[in-house]
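Below is one structure, written out as structure tokens, with a few remarks after it.
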Amino acid sequence: MRIATWNCNSVRSRAERAVGVLQRHDLDVLALQETKCKDAQFPLQVFEDAGYEVAFHGLNQWNGVAIVSRVGLADVEIGFEGMPRWGEPDAVAEARAIGATCAGVRIWSLYIPNGRSLEDRHYAYKLDWLASLRDTAAGWLAADPAAQVCLMGDWNVAPRDEDVWDPGFFVGKTHVSAPERAAFQAVVDAGFADVVRPHTEGQFTYWDYTQLRFPKKQGMRIDFALASPTLAARVDGAAIDREERKGKGASDHAPVLVSLSD
């Protein structure tokens, strides 16, 4: 079984590229983030014509998540228990999480809040969001230690200094702060292993569109697949599709791929 995650940065703009990723890597499941469209605008037909089912959730031109599968989509769930809300005057649950069971694996497509700046209220929202995810995910494993769960997506956290092109550049910025890194590590400590890093040391998953970051190799590793113990034991390979970041109309993120044994 082959699964992947990709922040496509607008599924309407990159539906054909997403299908290309699915076909090029012979994927069974692809978790998408930042789809940037309402449900009525999702380009479902493009994926169905390629032989895939899709579960998706989008509220407006921001955020948005989806799961594309050719091995079934069961028990689709929008958001997770305790997921924080955002906005004024009426806070809402943003389109940042969707889960579905695909061939026995519980896939979650996650788009963690950016945080904006260390002084912004969005930063506190981000930390609350990660803490709630940790608590809920730990509960899943407590209820079923053998559960096969993969938390995939754009985490907007670079957990280590080597996950950014220049640690000095990021001093005082989000994505690398101690509280964010601790929040990410708390999910790992709850039993979810980073199953991609051992196969992709020194590689990034995101390069900003500005300042020629991609050709200068000035990237970040912020996209991850964290697997429960039973699922992690099945991982026999992983990769980052850096080629997808190239060319006209590319997303600023690269797909992250995971191969599972039977």
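At a cut-off of 3.5 Å, with distance as the only test, a side-chain donor of Arg221 or Thr200 sits close to an acceptor on the other residue. At a cut-off of 3.5 Å, with distance as the only test, no side-chain donor of Asn114 or Lys126 sits close to an acceptor on the other residue. A donor-acceptor contact under 3.5 angstrom links the side chains of Thr5 and Gln33, judged on distance only. Side chain to side chain, Glu94 and Asn63 meet the donor-acceptor criterion of an N or O pair below 3.5 Å.
In this structure, Val29 and Val71 have side chains that are in contact, with non-hydrogen atoms separated by less than 4.5 Å. In this structure, the side chains of Thr35 and Phe56 stay at 4.5 Å or more apart for every pair of heavy atoms.
Here the CG atom belonging to Leu110 is positioned 11.5 Å from the CG atom belonging to Asn156, to the nearest 0.5 angstrom. Once rounded to the nearest 0.5 Å, the distance linking CD1 of Ile112 with CH2 of Trp155 reads 5.0 Å. If you take CG on Asp166 and CG on Asp161, they are separated by 10.0 Å, rounding to the nearest 0.5 Å.
Using cut-offs of 30° and 60° on the angle between ring planes, the pair Trp165 and Phe169 is tilted. Below 30°, between 30° and 60°, or above 60°: for Trp108 and Phe80 the angle between ring planes is above 60°, a perpendicular geometry.
Screening Arg197, His175, Arg181 for a side chain to side chain donor-acceptor pair (under 3.5 Å) with Asp163, the sole residue that qualifies is Arg197.
Taking the six-membered ring for Trp, Trp86 and Trp62 have ring centres at least 6.0 Å apart.
Checking side-chain atoms of Thr101 against main-chain N and O of Asp75 turns up no donor-acceptor pair under 3.5 Å.
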